[in-house]
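Each ligand, and each atom within it, is numbered from 1 in the order the structure gives. Positions are given from 1 along the sequence.
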Amino acid sequence: MALSDDELDRYARHIVLPQVGGVGQQRLKAARVAVVGAGGIGAAAIPALAGAGIGRLTIIDGDTVDLSNLQRQPLFRTSDIGRPKAELAAAFVAVRNPHVTVTTIAERITPANAASLLAGHDLILDGTDNFATRLLVSDTATRLAIPLLSAAAQQFQGQVALFRSQPCYRCFVGNAFDADDCDTCAELGVLGALTGTVGSFAALMAVRAIVGIQPDTAGRLYLLDGVSLTWRQLRLVADPACQTCGRLDATNR
Ligand SMILES: [Zn+2]
């Protein structure tokens, strides 16, 4: 996938990096990435991915902009209140980088549409704000064998992890959170600048994964504490009884 003169100029600061180079930039251009959620995480990740030259970006979000979103979602302006986030994010991307082909899905991801919306992507970045949706996205990604970058922020805590088949997100959180009524940042609060940091970190991990920058961080959980201002990392372990990737493992054997 050749780069035009305009792209060579646009991505010059990438191409000069030994870990990226022309080959890495071509991998970014060839990549198809789905971002689920154009909220606090997505509002930071989407501009970073568009700027990085991801060739095809799918933005999935069924929400409209609410006044209380503006504290943490810099993609949106006060005049955008009431308008669909997916469409606004896609319009932003189109202006930010005309080399990116954007697909807008202004609807909520559900068990009925998840597989068809996510199939055909090389990477899924999930920045949704509730466990039920995150588990749905993770289970679908696992079944479709698509790597998943899962990012979340709540109060002063952020967490980001790349999952590639095993362990999966469900190995990490278990089955207790499938109900749609569990905690979201609406109830607990979240620091606006924290969601931006976590979204940018998720975009960094996405770019690393697509370019193939080592070491591979799949299965490691990165935790940001905005109070003590520290990052920690944990190695996640696969749950042999996991109802998603455990079964997949049994099928493969
Ligand atoms: Zn699992």
- Would you mind telling me which of Ile46, Leu57, Val207 makes a side chain to side chain contact (heavy atoms under 4.5 Å, CB included) with Val33? Leu57
- Item | Shortest non-hydrogen contact between Asp216 and Arg164, atoms and distance | OD2-NH1, 2.7 Å
- Query: Got a sec, which pairs hit ring pair (Phe, Tyr, Trp, His ring centres under 6.0 Å) with one end in residues 197-230, sequence neighbours left out?
  - Reply: Phe201-Tyr222, Phe201-Trp231
- Mind checking what makes salt bridge (Lys or Arg N to Asp or Glu O under 4.0 Å) contact with Asp225, not counting sequence neighbours? none
- Task: Count the heavy atoms belonging to other residues, nucleotides or ligands that lie under 6.0 Å from CZ of Arg10, then report whether that count exceeds 12.
- Result: yes
- Protein-derived N, O or S atoms lying under 2.8 Å from the Zn ion (ligand 1), waters excluded: 4
- Message: According to ring pair (Phe, Tyr, Trp, His ring centres under 6.0 Å), does anything in residues 12-32 pair up with another residue at least two apart or in another chain? List the pairs.
- Response: none
